[in-house]
2 protein chains.
Amino acid sequence: MSTDQTLSEEDLRQALELLFFAYRDFTGEADTLLEDFGFGRAHHRVIYFVNRNPSISVNGLLRILKITKQSLSRVLGQLVREGFIDQKTDSHDRRRRTLTLTDKGIELESRLTKCQGVRMQQAFAASGENAVQGFKKVLSEMINAEDRKRYTGGAPHTD
Amino acid sequence: MSTDQTLSEEDLRQALELLFFAYRDFTGEADTLLEDFGFGRAHHRVIYFVNRNPSISVNGLLRILKITKQSLSRVLGQLVREGFIDQKTDSHDRRRRTLTLTDKGIELESRLTKCQGVRMQQAFAASGENAVQGFKKVLSEMINAEDRKRYTGGAPHTD
DNA sequence: AAAATACGTCAGCAATGTTGACTTATATTG
DNA sequence: CAATATAAGTCAACATTGCTGACGTATTTT
């Protein structure tokens, strides 16, 4: 599982740059689509994680996104007002508001994810199954331990 | 080199999330260090690529970063004024200004890159050489074709 | 001499993050 | 039941980092 091999500084710098350019190009396409709706990347993240965690609470979303509630409120408020997200009082704890995508929200989420999915699928197809495993492995090792549980498992974060 | 295998939507979404969380956590540490200097991520990128391409011109830098000269000027101006970057008139074409890190700039660049390099090295060590190859392969496939030549080779972009 | 290029600057705007303070419901706890 | 904690919302101010548009100046190319 672990090797003692150390990469040269040049190899390391190449990897740093790869990550920078790849991330920029990767997000670029979805950004263009979002502009058509007057939204930005922050809206994208909210839509994505609400779809991924239906009925999530506001606090739950904050814990995933790691931004302040004031920041979230700006974009979330827009999404609710414009009918992309449905917000209702949780019957078990009436202090909470559960967040769920509307049909309109689901459609936008689908378009956005398809947009990024296509590029990633193409990169995966061109790289091979083995490379994909390595890609995922390295990324998961780069994530903070506390968050590693958050990305996967599909276990909804409704709290 | 290429497979026809298509990942499930769940696999794809996991990869999307991995990239999001990994990138955020990856940049987080350097951001903290930058704060001590009153700098942001934009300054980091300028310092990084000036170090990587000594004597690069302003236009050359703009082509790598893909931002406007007005955006660059804000951060570049700060870095020059505060003595992290040395700017001098190119003797071959006196319209151009060549950008190079000062000793102070080199030291900061070194600290910043070490900061990110350590995390990446650890992820690499925990993932194994084979995974690292896959990681790089997939990232390079995700980069826009026009930029793919820019990340590597170490060929300075002095123009 | 005219046009193109490289650089810089001023002004204003937008997206998205931050802090701090305060209010209203609702739930939990002593 | 009263006190406290939690969930959510809101108002205001500010910082960073993108953007556009409009100029000005020096230098090189045509």
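Residue numbers start from 1 in every chain, and the chains themselves are labelled A, B, ... in the order their sequence lines are given, proteins ahead of strands.
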(Q) On DNA chain C, does the nearest nucleotide to A:R74 precede the nearest nucleotide to B:R74 from the 5' side, or the other way round? Give the residue. (A) B:R74
Q. So, is B:T68 near the phosphate of D:dC19, with a side-chain N or O under 4.0 Å from OP1 or OP2?
A. yes
Q) In whole angstroms, how far is the C1' atom of D:dT17 from the CG atom of B:D31? A) 13 Å
Q.
Is a donor from one side chain sitting under 3.5 angstrom from an acceptor on the other, for A:R96 and A:T89?
A. no
**Q.** salt_bridge(A:R52, B:E10) N-O dist < 4.0 Å
**A.** yes
Q: Assign B:R41 to base, sugar-phosphate, or nothing according to its heavy-atom contacts below 4.0 angstrom with the strands shown.
A: sugar-phosphate
Q: Consider the side chain of A:R96, meaning its heavy atoms from C-beta on, and name the nucleotide among C:dT9, D:dC19, D:dA8 that approaches it most closely.
A: D:dA8
**Q.** Check: B:Q87 side chain, C:dG8 base, donor-acceptor under 3.5 Å
**A.** no
**Q.** Distance, rounded to the nearest Å, where B:L62 contributes CG and D:dG18 contributes P
**A.** 11 Å
Q | side-chain hydrogen bond (donor to acceptor under 3.5 Å, both in side chains) assessment of B:R119 paired with A:N144 | A | CA-CA 10 Å; B:R119 177 182 283 254; A:N144 290 336; 2.9 Å; yes
Q | Between C1' of C:dG17 and CG of A:L76, the distance in whole Å | A | 16 Å
(Q) Under a 4.0 Å threshold between the charged nitrogen and the carboxylate oxygen, would A:R13 count as salt-bridged to B:E109? (A) yes
**Q.** Nearest-Å distance for atom pair CD1/P, residues A:I85 and D:dA8
**A.** 14 Å
Q) Would you call A:D90 and A:R97 a salt bridge, using N to O less than 4.0 angstrom? A) no
(Q) Please report the distance, rounded to the nearest Å, between CG in A:L72 and P in D:dT10. (A) 12 Å
Q: Report yes if at least one side-chain N or O of A:N59 is closer than 4.0 Å to OP1 or OP2 of D:dT6; otherwise report no.
A: no
Q) Hey, is NZ on B:K88 packed in by over 12 heavy atoms from elsewhere, all under 6.0 Å? A) no
Q: Compute the centroid of each ring, for A:F39 and then for A:Y48, and state whether the two points are separated by less than 6.0 Å.
A: no
Q. Just wondering, more than 12 heavy atoms not from B:D36 lying within 6.0 Å of its CG?
A. yes
Q) Of the nucleotides C:dT16, D:dG18, C:dG8, which has the atom closest to the B:A42 side chain? A) D:dG18
Q.
Distance check needed: D:dA8 P versus A:R63 CZ, whole Å only.
A. 9 Å
**Q.** Letter per nucleotide, 5' to 3', of nucleotides 22-30 of chain C [B base touched, S only sugar-phosphate touched, - untouched; heavy atoms, 4.0 Å]
**A.** ----BS---
Q) Any side-chain N or O of A:H43 less than 4.0 Å from the OP1 or OP2 oxygen of C:dT16? A) yes
(Q) On DNA chain D, compare the nucleotides closest to B:Q70 and B:V75; which residue's is nearer the 5' end? (A) B:V75
Q. Between D:dC19, C:dG17, D:dA8, which one does the side chain of A:S57 approach most closely?
A. D:dA8
Q. Picking from D:dA8, D:dG18, C:dG17, which would you name as closest to the side chain of B:S71?
A. D:dG18
Q) Of B:T98 and A:R45, whose closest DNA chain C nucleotide lies nearer the 5' terminus? A) B:T98
Q | Angle between terminal axes - the helix from C:dA1-D:dT30 to C:dG30-D:dC1, 5 pairs each end, rounded to 10° | A | 20°
Q: For atom CD of A:Q70, decide whether the heavy atoms of other residues, nucleotides or ligands shown that lie under 6.0 angstrom number more than 12.
A: yes
(Q) Can you tell me how the ring of A:F49 sits relative to the ring of B:F21, calling it parallel under 30°, perpendicular over 60° and tilted otherwise? (A) tilted
**Q.** Between P of D:dT20 and CD1 of B:I67, the distance in whole Å
**A.** 12 Å
**Q.** Whole-Å distance separating the CD atom of A:Q78 from the C1' atom of C:dA14
**A.** 12 Å
